[in-house]
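In listed order, ligands and their atoms are each counted from 1. Basis for what follows: all heavy atoms, side chains included, without hydrogens, waters or symmetry-related copies. Counting begins at 1 with the first residue of the sequence.
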Amino acid sequence: MQGITILGATGSIGASTLDVVARHPDRYRVHALSAHSRVEELAAACRQFRPQRAVVGSAEAAAQLAALIADLPTGVEYGEAALCDIASSADTDIVMAAIVGAAGLAPTLAAARAGKKILLANKEALVMSGQLFMDAVREHKATLLPVDSEHNAIFQALPASYARVPGACGVAKILLTASGGPFLNRAVDSLGSVTPDEACKHPNWVMGRKISVDSATMMNKGLEVIEAHWLFGAPADQIEVVIHPQSVIHSMVSYVDGSVLAQLGNPDMRTPIANALAYPERIDSGVAQLDLTQMAGLQFFAPDFERFPCLALAFDALRAGGTAPALLNAANEVAVQAFLERRIGFRDIDRVIRHALDVVPHGPAPSIEAVLAQDARARAAADDAVSTIASGLQR
Ligand code: NAD
Ligand code: MG
C-alpha cells in the first residue's frame, strides 16, 4: 500500500489522478490533497478519499473547508509551507505534482529533496529551474516519472537503462508530437480577434485554461521542448517538434539504426498517469483500448514558426540557457492570465513575452533564489507590457 499526495487535486490532472487511484484501493491510500480556491470540490474529494491532510491557498479557504468537512478526520492547513510539508512527509511515498505554473515549484522541489517518487505534470517547475531540480532529484535519490503525455511516451520508448545520454544508447532524435491546437488551420490574420473560450477549445484534450491557451499559442510545446531537454538530457538540436493533429501518437524516439519507436493511445491523461503511478508495472487506467481500425488516417507536418512565434521563443530560451527559460515561463504566465482576463489579445501574448525577454537580462541560474528573482523581474516587465497594450486597446 503506497501513500500518495496530490498537489493540485481539483485540477484536470488532479481529477484524472483521483479517478485512477479510485480504481486501485488495494494499492494506493491518499495521504494528502491540495487545492488553491475550489474548496467545495476539494471537500467532495476529501469525503471520497479520506486523506489525513488537506491544504488550500488561504486562511479563508481553510476555514471554509474545515466547516465543510468538520465530520472528517482530515486536518486542514493552508499556504506554501504546508504544501511543501505534504509533499515531503514521511507518510507519503508518491507525489503527484499537478499545480499549474510557478506556484508548483517549491512543493515539487520539496518532494525531490525528500527523495519521493514524483509524478511530474507541472512542467513549469522544470522549465524554471531544470538544472537545480535535476540536481536535487539525483542528490536525494528521488524518482522522477513524467506524466506529460509526450514525455511519458518518450519515457516508454526509451530503454529502461536510459541515463540521460542520448548517444549512449543510439538515440538520434526525440520527436515531440504536437496537435497544433485549435488554431492550426485558422487564417493567421484572424488570430488577433480570437476569444479566450475559442483558445481553450482544444480539439483533442480537455485541460485547465492556462495549458489550453499554451496549446493554442504552442508555447505548451515550447515548454515541453525545454522539459524534454532536462528529463532526457538531449540538446535543443536533438529535439524535433512534429505536428500530428490526431494526437494518437503521443511522441517518438528515433534511433541511429533508422528505427522509430512510438507510444500510441487514446488522448486521455489517465494513461500516462497510470503508467507513472504503477511503473514498472501496468495497471488499468479506465481508458478504452485504441481501435486502430477506426483511425481515419494519421498526419504529420513540420511546425510553422511564423504562425506559432512562441515555439521559436522557447527554442531560443533553451539555447540561451541559464535563467532565460525562467524568464520565458514567467512572462508567459502573466501574458496568458492577461489574455484570459481579456486585457490583451491573443497575438499580444508573444509580444509581451518578447518584451520581457528584451528588457530583463538573463544570466546563470546558480540557486532557486536567483531563479525566483529573475521570475519576479520578468513578471514586472510583462505586467508593464500588458498595461501599455491594454491602455492602447481601451483608447
Ligand atoms: P488546472 O488549472 O485544471 O488545475 C490546476 C491545479 O493547481 C488546481 O488544483 C488548482 O487548485 C491548483 N493551483 C492553481 N494555482 C495555484 C496556486 N497559486 N497555488 C497552489 N495551487 C494552485 O490545470 P491542469 O490542466 O490540471 O494542469 C496542471 C499542470 O499539469 C500544469 O502544469 C500543466 O501544464 C500540466 N499538464 C496538464 C495536462 C492536462 O491534460 N491537463 C497535460 C500535461 C501537463
Ligand atoms: Mg503535453
J.: If we ignore angles and hydrogens, is there a donor and acceptor under 3.5 Å between the side chains of Asp197 and Thr195?
T.: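 Judged by distance alone, the side chains do not pair up.
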J.: Within the 4.0 Å heavy-atom shell around Ala103, which atoms of ligand 1 are there?
T.: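 In order of numbering, the contacting atoms are 17 (C), 18 (N), 19 (N).
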J.: Check for a donor-acceptor pair, side chain of Thr92 on one end and backbone N or O of Ser89 on the other, with a separation under 3.5 Å.
T.: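 Between the backbone of Ser89 and the side chain of Thr92 there is no qualifying donor-acceptor contact (under 3.5 Å).
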J.: Just go through Ile211, Val147, Ile99, Leu120 and tell me whose heavy atom is the nearest to atom 29 (C) of ligand 1.
T.: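 Nearest option to atom 29 (C) of ligand 1, by heavy atoms: Ile99.
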J.: Go through ligand 1 atom by atom and flag the ones less than 4.0 Å from a non-hydrogen atom of Gly8.
T.: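 Listed by number with element: 6 (C), 7 (O), 9 (O).
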J.: Return the closest protein heavy atom for atom 4 (O) of ligand 1 as residue, atom name and distance.
T.: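 Nearest neighbour among protein heavy atoms for atom 4 (O) of ligand 1, to 0.1 Å: Gly11 CA, 3.1 Å.
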J.: Under 2.8 Å from the Mg ion (ligand 2), which protein N/O/S atoms are there?
T.: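 Sorted hits: Asp148 OD1, Glu150 OE1, Glu224 OE2.
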J.: One thing to verify: whether Asp358 and Arg354 come together as a salt bridge, which I'm taking to mean a side-chain N less than 4.0 angstrom from a carboxylate O.
T.: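 Not counted as a salt bridge, because no side-chain N and carboxylate O are separated by less than 4.0 Å.
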J.: Look at atom 43 (C) of ligand 1 and say which protein heavy atom is nearest, naming residue and atom and giving the distance to 0.1 Å.
T.: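 Protein heavy atom with the smallest distance to atom 43 (C) of ligand 1: Asp148 OD1, 3.0 Å.
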J.: Can you find a heavy atom in the side chain of Ile118 that is under 4.5 Å from one in the side chain of Thr108?
T.: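 Heavy-atom side-chain distance check passes, below 4.5 Å.
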J.: Heavy-atom contacts with Ala35 under 4.0 Å: which atoms of ligand 1 show up? List them by number with element.
T.: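 Near Ala35, meaning under 4.0 Å from one of its heavy atoms, ligand 1 has 11 (O).
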J.: Is any side-chain heavy atom of His250 closer than 4.5 Å to one of Leu264?
T.: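 The answer is no; the side chains never approach within 4.5 Å.
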J.: Taking the basic N atoms (NZ, or NE/NH1/NH2) and the acidic carboxylate oxygens, is any pair closer than 4.0 Å for Glu150 and Lys123?
T.: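 Lys123 and Glu150: not salt-bridged.
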J.: Can you list the ligand 1 atoms lying under 4.0 Å from a non-hydrogen atom of Ala121?
T.: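 What qualifies from ligand 1 is 30 (O), 32 (O), 35 (C), 36 (N), 44 (C).
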J.: For Gly14, is at least one N or O under 3.5 Å away from an N or O on ligand 1?
T.: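 No, there is no polar N/O contact under 3.5 Å.
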J.: In the protein, what heavy atom is nearest to atom 34 (O) of ligand 1, and what distance, to one decimal place, separates them?
T.: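 Closest protein heavy atom to atom 34 (O) of ligand 1: Lys123 CE, 3.2 Å.
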J.: When you check the gap from the basic side-chain N to the acidic O, do Asp91 and Arg29 get nearer than 4.0 Å?
T.: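 Looking at Arg29 together with Asp91, the answer is no, because their closest N to O distance does not fall below 4.0 Å.
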J.: Tell me, please: is Arg38 in heavy-atom contact with ligand 1, that is, under 4.0 Å?
T.: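 Heavy atoms of Arg38 never come under 4.0 Å of ligand 1.
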J.: List every atom of ligand 1 that sits less than 4.0 Å from any heavy atom of Met269, numbering the atoms from 1 in the order shown and giving each element.
T.: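 Counting from 1, the qualifying ligand atoms are 40 (O), 42 (C), 43 (C).
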J.: Parallel, tilted or perpendicular: which fits the ring planes of Phe346 and Phe339, with parallel below 30° and perpendicular above 60°?
T.: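 Ring orientation of Phe346 relative to Phe339: perpendicular.
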J.: Is Lys210 in contact with ligand 1, taking contact as a heavy-atom separation below 4.0 Å?
T.: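 No, Lys210 has no heavy atom closer than 4.0 Å to ligand 1.
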J.: Identify, for atom 38 (C) of ligand 1, the protein heavy atom at the shortest distance, and state residue, atom and that distance.
T.: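 Here the nearest protein heavy atom works out to Ile13 CD1, 3.4 Å.
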J.: Go through the steps for Leu144 and Lys117 under the test side chain to side chain contact (heavy atoms under 4.5 Å, CB included), then give the verdict.
T.: CA-CA 6 Å; Leu144 187 59; Lys117 173 171 165 177; over 6 Å; no
J.: Would you mind telling me if ligand 1 is within reach of the side chain of Met207, the backbone, both or neither, using heavy atoms under 4.0 Å?
T.: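 Both the backbone and the side chain of Met207 come within reach of ligand 1.
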J.: Is there side-chain contact between Glu124 and Val100, with at least one heavy-atom pair below 4.5 Å?
T.: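 Answer yes - side chains close enough.
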J.: Specify the protein heavy atom at minimum distance from atom 11 (O) of ligand 1: its residue, its atom name, and the distance to 0.1 Å.
T.: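 Nearest protein contact, heavy atoms only, for atom 11 (O) of ligand 1 is His36 N, 2.8 Å.
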J.: Using ring pair (Phe, Tyr, Trp, His ring centres under 6.0 Å) as the criterion, list what pairs up with Phe301, not counting sequence neighbours.
T.: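 Checked Phe301 against ring pair (Phe, Tyr, Trp, His ring centres under 6.0 Å); zero matches.
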J.: Taking the basic N atoms (NZ, or NE/NH1/NH2) and the acidic carboxylate oxygens, is any pair closer than 4.0 Å for Glu198 and Lys201?
T.: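 Looking at Glu198 and Lys201, the cut-off is not met.
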J.: Examine Val248 and Ile243 and state if one hydrophobic cluster contains both, with Ile, Leu, Val, Met, Phe, Trp and Tyr joined whenever side-chain heavy atoms are less than 4.5 Å apart.
T.: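 No, it is not one cluster - the side chains of Val248 and Ile243 are not joined through contacts under 4.5 Å.
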J.: In terms of residue, atom name and distance, what is the protein heavy atom nearest to atom 32 (O) of ligand 1?
T.: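 Answer, as residue, atom name and distance: Glu124 OE1, 2.6 Å.
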J.: Tell me whether ligand 1 is touched by Ala9 - counting only heavy atoms on the residue side and a distance under 4.0 Å.
T.: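 Flag set, Ala9 near ligand 1.
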J.: For Asp85, is there an ion pair with Arg53 - N to carboxylate O distance below 4.0 angstrom?
T.: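 Salt bridge present between Arg53 and Asp85.
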J.: Short list, please: which atoms of ligand 1 are under 4.0 Å from a heavy atom of Asn122?
T.: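 In order of number, 32 (O).
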J.: For atom 6 (C) of ligand 1, what's the nearest protein heavy-atom neighbour? Residue, atom name and distance, please.
T.: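 Nearest protein contact, heavy atoms only, for atom 6 (C) of ligand 1 is Ala98 O, 3.6 Å.
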J.: Among all protein heavy atoms, pick the one closest to atom 3 (O) of ligand 1 and tell me residue, atom and distance.
T.: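 Protein heavy atom at minimum distance: Ser12 N, 2.9 Å.
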J.: Taking 4.0 angstrom as the limit, do Asp19 and Arg270 come out as a salt bridge?
T.: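 Salt bridge: yes.
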J.: Does a side-chain heavy-atom distance below 4.5 Å link Asn332 with Lys210?
T.: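 Asn332 vs Lys210: side chains touch.
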